[in-house]
Asker: 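This structure is in structure tokens; I'll ask about it shortly.
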There are 2 protein chains.
Amino acid sequence: MNDSTNILPRSVFMDMDRSGPMPLYYQVASRIEAAIHDGELRPGARIENEIALGERLGLSRPTIRRAIQELVDKGLLVRRRGIGTQVVQGKVTRDLELTSLYEDLARGNKHPKTRLLLHEVTEADGELAESLAVEKGSPVLHLRRLRTADETPVAILENFLPEPFIDIGESELVDHGLYQVLRGRGVTMRIARQRISARSATTEEAALLGISRQGALLTMDRTAFDNAGVAVEWGHHCYRPDLYSFEATLVNR
Amino acid sequence: MNDSTNILPRSVFMDMDRSGPMPLYYQVASRIEAAIHDGELRPGARIENEIALGERLGLSRPTIRRAIQELVDKGLLVRRRGIGTQVVQGKVTRDLELTSLYEDLARGNKHPKTRLLLHEVTEADGELAESLAVEKGSPVLHLRRLRTADETPVAILENFLPEPFIDIGESELVDHGLYQVLRGRGVTMRIARQRISARSATTEEAALLGISRQGALLTMDRTAFDNAGVAVEWGHHCYRPDLYSFEATLVNR
DNA sequence: TAGTGGTCTAGACCACGAA
DNA sequence: TCGTGGTCTAGACCACTAC
């Protein structure tokens with residue numbers, strides 16, 4: 001540990017709760033992450049090694065190690081054997097300038113609403129049946145919704161749900177998001193496999209979204225699975241690209 | 001462990017190498033993943049609990065646990081406390097039908113080529129300087145390339161690299177990808193923060209990519225960091241959406 | 001040579017779900 | 001009540017890096 005090592009103040013790790021349900025590694029990771037966002041740990045700063053940090057906090061090395069690993073997986077820290085652990089050099093906040101409207105939407109300041117364009121039960125064709133891992137021809141709920149925020153149309157959402165969910169009513173979907181409805185039925189989404197691309201809007205889509213004819217659309221196709229590994233939903237979404245984008249942080253291991 | 005538990009044949013775990021550099025948890029994870037892809041472990045199948053698997057293989061529980069966790073993070077397995085570990089119900093192969101051309105590109109069957117449209121050293125403006133964490137006005141290498149596959153234009157790639165790389169020559173970039181050139185200099189990419197969206201092509205872009213005027217483009221803005229956490233590249237890429245898409249598997253924890 | 005992270009072991013106790 | 005995964009401990013040895 002050399003001079004450039006940044007010793008986190010003890011105060012960062014106050015109020016650790018050993019009796020509550022929140023894991024210790026999670027508490028440690030959260031506090032380090034907060035220190036990074038608050039600027040207490042600057043980009044490029046080195047932090048103490050695992051053992052020293054563990055002794056200071058009265059925690060074992062595996063616990064500290066897991067806390068740090070969480071932040072490595074998030075792309076906030078970088079570790080090198082023989083060197084140490086450093087904060088990534090790059091502003092963690094928006095790395096691209098956002099349009100103000102998108103920022104508003106993302107922050108949830110606007111009022112989201114849903115207009116139900118289609119709500120019917122049909123039979124799964126071959127491709128859909130394969131995606132949802134159900135029998136071909138089995139009943140599925142087919143939804144098409146227009147999502148708006150502060151009266152501005154943002155996206156057209158088309159979804160198919162397998163048999164256990166074909167009784168989801170129209171009224172539920174106007175007041176709540178689809179995932180919210182599913183959560184109300186005790187279904188928690190665990191895995192989403194998605195493909196993102198783009199295409200030109202059809203005349204109908206352009207009219208619904210209030211963009212120019214054949215304007216560019218951002219599209220996402222997704223299959224979602226619950227915590228039992230069962231496919232719960234297949235969807236094709238298209239977004240106004242001026243109001244929506246996908247962010248991702250990839251970490252090579 | 002009940003009757004539906006799927007006992008992996010011992011043969012799946014043969015040839016484990018305890019002396020080589022490949023970690024044991026990685027060897028175990030690879031073998032289970034192969035069993036899933038080969039159909040030995042079918043969707044929905046339960047696998048043995050961690051302790052039983054560890055005893056069978058002569059490995060400790062943490063090692064087995066880590067192997068399984070790798071596959072959970074990949075979205076191949078689902079774990080539930082009190083229940084067990086199961087294979088996710090969904091074909092692991094392409095979950096959406098691909099155009100044959102995209103598939104060819106993705107599989108690397110086609111011959112990728114690069115045409116260098118621009119290669120100059122400029123000064124970083126405020127926004128770029130912030131993205132790369134360099135001084136405003138410091139020299140950066142500005143690249144613009146047209147990527148083709150089998151003579152078909154696929155993407156326009158615009159990149160900016162900070163000072164240590166401004167001497168990258170034109171000839172290197174024609175024969176090799178940018179990341180390949182960087183790897184040759186001992187730089188390994190570790191983290192990429194990217195935003196994906198879409199927009200209409202400009203007249204010039206449409207001509208370069210061979211698509212219709214104002215056709216839809218898939219765009220990606222990215223900042224990449226090396227294993228020391230230092231920003232190495234900022235790029236804005238735009239892809240022909242009929243030939244390219246982004247896949248991602250998200251896992252809620 | 002000293003310090004770092006990467007891997008591995010052998011236990012322990014707990015929370016949750018099913019029977 | 002039992003079996004499962006979730007968490008935590010206290011060590012050990014090794015590989016890599018800087019000095």
Side-chain angles (χ1 to χ4, degrees), chain A residues 1-7 16-30 45-55 57-73 77-87 186 188 190 226-229 252-253, chain B residues 1-6 16-30 45-55 57-73 77-87 186 188 190 226-229 251-253:
Chain A
M1 198 191 315
N2 63 31
D3 300 319
S4 69
T5 303
N6 203 315
I7 303 283
M16 299 264 292
D17 177 11
R18 292 190 82 99
S19 62
M22 194 179 298
L24 291 171
Y25 72 83
Y26 182 82
Q27 296 181 46
V28 173
S30 298
R46 269 189 60 192
I47 68 175
E48 300 166 74
N49 67 65
E50 299 169 338
I51 300 182
L53 195 50
E55 284 176 357
L57 302 183
L59 296 173
S60 70
R61 184 183 171 196
T63 299
I64 298 295
R65 185 170 177 76
R66 175 155 184 191
I68 293 177
Q69 192 58 45
E70 298 271 320
L71 301 181
V72 171
D73 292 340
L77 295 179
V78 174
R79 325 188 74 178
R80 283 178 294 170
R81 172 151 39 178
I83 308 278
T85 304
Q86 286 175 282
V87 179
T188 55
R190 196 66 153 271
D226 67 9
N227 57 8
N252 283 336
R253 292 198 295 169
Chain B
M1 197 190 320
N2 64 28
D3 299 322
S4 69
T5 301
N6 204 316
M16 298 265 291
D17 178 10
R18 291 190 83 98
S19 61
M22 194 178 298
L24 292 170
Y25 72 84
Y26 182 83
Q27 297 182 46
V28 173
S30 298
R46 270 189 59 191
I47 67 174
E48 300 166 75
N49 67 65
E50 299 168 339
I51 300 183
L53 195 49
E55 283 175 358
L57 302 183
L59 296 173
S60 70
R61 186 184 169 196
T63 299
I64 298 295
R65 183 170 178 75
R66 175 155 185 192
I68 293 176
Q69 192 58 45
E70 299 270 320
L71 301 181
V72 171
D73 292 341
L77 295 178
V78 174
R79 325 187 75 178
R80 282 179 295 168
R81 175 154 37 180
I83 308 279
T85 303
Q86 286 175 285
V87 180
T188 55
R190 196 65 153 271
D226 67 8
N227 57 10
V251 178
N252 281 337
R253 290 200 295 172

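Every chain is numbered from 1, with letters handed out A, B, ... down the list of sequences.
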Asker: Roughly how many Å is it from CE in B/Met22 to C1' in C/dC8, rounded to a whole number?
Answerer: 17 Å
Asker: Whole Å only: how far is the CZ atom of A/Arg253 from the C1' atom of C/dT7?
Answerer: 14 Å
Asker: The helix from C/dT1-D/dA18 to C/dA18-D/dT1: angle between its terminal axes, five pairs each, to 10°?
Answerer: 10°
Asker: Under 4.0 angstrom, heavy atoms only, what part of the nucleic acid is B/Ile68 near: base, sugar-phosphate, or nothing?
Answerer: nothing
Asker: Is the distance from OP1 or OP2 of D/dT7 to the nearest side-chain N or O of A/Thr63 less than 4.0 Å?
Answerer: no
Asker: I'd like to compare against my own output: the B/S/- annotation of nucleotides 11-19 of chain C with a strict under-4.0 Å heavy-atom distance to protein.
Answerer: -B--BBSS-
Asker: Find the distance A/Leu59:CG to D/dT9:C1' and express it as a whole number of Å.
Answerer: 10 Å
Asker: Please give, in whole Å, the distance from C/dT9 P to B/Glu50 CD?
Answerer: 14 Å
Asker: Is the backbone of B/Leu59 close enough, under 3.5 Å, to the side chain of B/Thr63 for a donor and an acceptor to pair up by distance?
Answerer: no
Asker: For A/Tyr25, is there any backbone N or O sitting under 3.5 Å from a side-chain donor or acceptor partner on A/Glu70?
Answerer: no
Asker: Determine the contact category for A/Arg65: base if any of its heavy atoms lies under 4.0 Å from a base atom, sugar-phosphate if only primed atoms, P, OP1 or OP2 are that close, otherwise nothing.
Answerer: base
Asker: Tell me: CE of A/Met16 to C1' of D/dT7, nearest whole Å?
Answerer: 13 Å
Asker: Distance from B/Leu53 atom CG to B/Ile47 atom CD1, nearest 0.5 Å?
Answerer: 6.5 Å
Asker: Exactly one of A/Arg80, A/Arg79, A/Arg46 should register a side chain to side chain donor-acceptor pair (under 3.5 Å) with A/Gln86. Which one does?
Answerer: A/Arg80
Asker: Would you say a side-chain N or O of A/Tyr25 is under 4.0 Å from OP1 or OP2 of D/dC8?
Answerer: no
Asker: To the nearest Å, give me how far apart CD (A/Gln27) and C1' (D/dC8) are.
Answerer: 13 Å
Asker: Of all the nucleotides listed (C/dT4, C/dG5, D/dT7), which has the minimum atom distance to the side chain of A/Thr85?
Answerer: C/dG5
Asker: Just jot down the side chain to side chain donor-acceptor pair (under 3.5 Å) partners of B/Arg61, sequence neighbours excluded, or say none.
Answerer: B/Glu50
Asker: Touch check for B/Ile51, heavy atoms < 4.0 angstrom, all strands: base, sugar-phosphate only, or nothing?
Answerer: nothing
Asker: Using whole Å, what does the distance between atom P of nucleotide C/dT7 and atom CG of B/Leu24 come to?
Answerer: 10 Å
Asker: Can you tell me the distance, in whole Å, between the CD1 atom of A/Ile47 and the C1' atom of C/dG5?
Answerer: 12 Å
Asker: When we call it a touch if two heavy atoms are under 4.0 Å apart, what does A/Arg18 touch: a base, just sugar-phosphate, or nothing?
Answerer: sugar-phosphate
